[in-house]
Novice: 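Below are the structure tokens for one structure; questions will follow.
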Amino acid sequence: MSEPSTPAAGESVPARSDFIRNIVREDLASGKHTHINTRFPPEPNGYLHLGHSKSICLNFGIAAEFGGHCNLRFDDTNPEKEDVEYVEAIKEDVRWLGFEWHELRHASDYFEVLYLAAEQLIREGKAFVCDLSAEEVRQYRGTLTEPGRESPFRGRSVEENLDLFRRMRAGEFPDGACTLRAKIDMASGNINLRDPALYRIKHLPHQNTGKAWCIYPMYDYAHALSDAIEGITHSLCTLEFEDHRPLYDWVVDNVRLHERPELLKPLTDRGLPNEAARPRQIEFSRLNINYTVMSKRKLLALVNEKLVAGWDDPRMPTLQGIRRRGVPPEALHLFAERVGISKQNSVIDFSVFEGCIRDVLDAKAERRMAVVEPLKVTITNLAEGHRETLRFANHPKDAAKGEREVPFSRTLWIEREDFMETPVKGFHRLVPGGEVRLRGAGILKCEEVVKNGAAVVELRCTLDPESRPGREGANRKVKGTIHWVCAEAGVPAEIRLYDRLFSVENPDEDSEGKTYRDHLNPDSIRVVQGFVEPAAAALGNEATVQFERLGYFTADRHDHRPERPVFNRTVTLRDSWAGKPA
Ligand code: ATP
Ligand code: MG
């Protein structure tokens, strides 16, 4: 596995510490476990998002740090919303983050084991087939303050239950006709323990098992047993599952897979290794971040309603979107580290995420020059057809990144906003009759402003020959420095200026009949035609650079071509949102 956030040799690595890693350390020290197994268990019903990367970094990170294993397991127990499209995307995302799974599994790989375990529960009088409708089940369930009532079918004999359960499997009953329920305690203070369903009937094909099944196990049952089958020692999940832990434990302890190799025979017959053990569920707080929505359902709605261009729209918080935007996986590792692991729910400010991106890219991204809103400059004291090649360092703090050639000519593009005809106070860039430093090329003086009506169309300037690189006056002081692109060699480029997708901190809050759809940021994308230097155009897809003074930009994963460059703004150089009114 490549671990992008691994510090360089010689740097000391502070052992990461949080309440989960401390539990793992204790379990190893006490001998409770000699080997740590974790898993990342997405349901393949959507694309992974920023929140998932926290769970991925935690599960794979712990396995790597403690010399253990982490499985990628598709929790595919609900065929309705699942699809192989998601399975493939999830695999790609996990690898993109720099992790490799020990084994790739599906909860559905265990359907036969889960079925045998359910028969075992029936034989022990711990599960029964119930004919109550969904609505009746709700009525019988009781409330937080009132106990539930027992189902009239709870007293069925073992033989009758076995017969009915087998007939459920054989497809004799329509969807919803009956369920298999655990027999626990209808008076329990924890509603999850009031005879929860273990199996339901769904005559639906499944993305992994095809038409083999028409009954499907419920999440809590399947999840606990899948963990047990894989020998997961620490089953890490988000806080909303805290109330499910007693049921998780009930399933593990009543099925006792680790003591019953006969139940695992369907797996060993298929050559699937199993390490049955007693797993422990530990909950941590989800990652919440402002200015975005992160539930798969809402992300799906954004895609379906065409409010974004697709799952990998660079404004989406999906890992595919984040990747296309140009965020390096190292920034997600750093983010997971900075956010940390706890049991406290909180909302992380979007700027923390952007800060991680800047910190990683500042060190990593080579520098280039681009002009997004071009204004033409002609240097009148250079000969017609004058061309030269300047050499620029690719990175101001990292000589190892080398140098590149930057063409320079009599005509240049500069940023329209670097010129002001009637300057405001404190404007230190180019003004009529004023001077400015052209980055790496010398000092430019604006001699004449060419206009077409009110519009400035060209600046006619002179370049002080004594201020050229290597000349005596090269260090002469002027107030501002601006970037530029050679108009003769520069390559026209499409530049996509992305910003946050939502304009309010909590787009999820439904108030005054408004939903997140009403809070989309109208300026979340602006596409402009600019120019980039040849050494930017030539970059490969997904290369990220800093366009000097503009921000970090990434050659679009799909649309960029050297002859027709397309760059996405990954993040600006500074936080422009701080201090904005909420
Ligand atoms: P969503 O609520 O967006 O639909 P989910 O929880 O249903 O997500 P799963 O595929 O079930 O998505 O999640 C896989 C794993 O990722 C689970 O262990 C889940 O707890 C974890 N996870 C999901 N969202 C977050 C989050 N925001 N922060 C941390 N972990 C998360
Ligand atoms: Mg879920």
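For ligands, and for the atoms within them, numbers begin at 1 and follow the listed sequence. Keep in mind that the numbers below use all heavy atoms, side chains included, and drop hydrogens, waters and symmetry copies.
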Novice: When the aromatic ring centroids of F567 and F553 are compared, is their separation below 6.0 Å?
Specialist: no
Novice: Go through ligand 1 atom by atom and flag the ones less than 4.0 Å from a non-hydrogen atom of P42.
Specialist: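 By the 4.0 Å cutoff, the relevant atoms are 10 (O), 14 (C).
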Novice: Given that the side chain starts at C-beta and the backbone is N, CA, C, O, which of these parts of H49 lies under 4.0 Å from ligand 1, counting heavy atoms, or is it both or neither?
Specialist: side chain
Novice: Run the numbers for me: atoms of ligand 1, each under 4.0 Å from some heavy atom of T238, listed by number.
Specialist: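 That gives atoms 19 (C), 20 (O), 29 (C), 30 (N), 31 (C) of ligand 1.
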Novice: Show your reasoning for whether side-chain hydrogen bond (donor to acceptor under 3.5 Å, both in side chains) applies to N521 and S503.
Specialist: CA-CA 5 Å; N521 174 8; S503 50; 5.2 Å; no
Novice: From the options R73, K296, K81, E43, select the one whose nearest heavy atom is closest to atom 4 (O) of ligand 1.
Specialist: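 The option holding the nearest heavy atom is K296.
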Novice: With nothing but distance in play, are any N or O atoms of N45 less than 3.5 Å from an N or O of ligand 1?
Specialist: no
Novice: May I ask you to check whether R39 has an N/O atom sitting below 3.5 Å from an N/O atom of ligand 1?
Specialist: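 No, no N or O pair falls under 3.5 Å.
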Novice: Looking only at distance, does M294 have an N or O less than 3.5 Å from an N or O of ligand 1?
Specialist: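 Yes; at least one N/O pair falls below 3.5 Å.
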Novice: With atoms numbered from 1 as shown, which atoms in ligand 1 lie under 4.0 angstrom from a non-hydrogen atom of S295?
Specialist: 3 (O)
Novice: What about L287: any of its N or O atoms under 3.5 Å from an N or O on ligand 1?
Specialist: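 Looking only at distances, the answer is yes, because the N/O contact criterion of under 3.5 Å is met.
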Novice: Between E354 and F350, is there a side-chain heavy-atom distance shorter than 4.5 Å?
Specialist: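 Counting from C-beta outward, F350 and E354 do come under 4.5 Å.
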Novice: Are Y199 and Y221 an aromatic pair by the rule of ring centers under 6.0 Å?
Specialist: yes
Novice: Assert yes or no for the condition that the ring centre distance of H234 to H33 is strictly below 6.0 Å.
Specialist: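 They qualify: ring centres under 6.0 Å apart.
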Novice: Determine whether L72 and K91 make a side-chain contact, defined as any pair of heavy atoms from C-beta on separated by less than 4.5 Å.
Specialist: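 Yes, close enough: below the 4.5 Å cut-off.
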Novice: Go through ligand 1 atom by atom and flag the ones less than 4.0 Å from a non-hydrogen atom of S55.
Specialist: 16 (O), 21 (C), 30 (N)
Novice: Go through ligand 1 atom by atom and flag the ones less than 4.0 Å from a non-hydrogen atom of P41.
Specialist: 14 (C), 18 (O)
Novice: Between ligand 1 and H52, is the shortest N or O to N or O distance under 3.5 Å?
Specialist: yes
Novice: Are Y115 and F165 an aromatic pair by the rule of ring centers under 6.0 Å?
Specialist: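 Y115 vs F165: aromatic centres under 6.0 Å.
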Novice: Compute the centroid of each ring, for Y219 and then for H244, and state whether the two points are separated by less than 6.0 Å.
Specialist: no
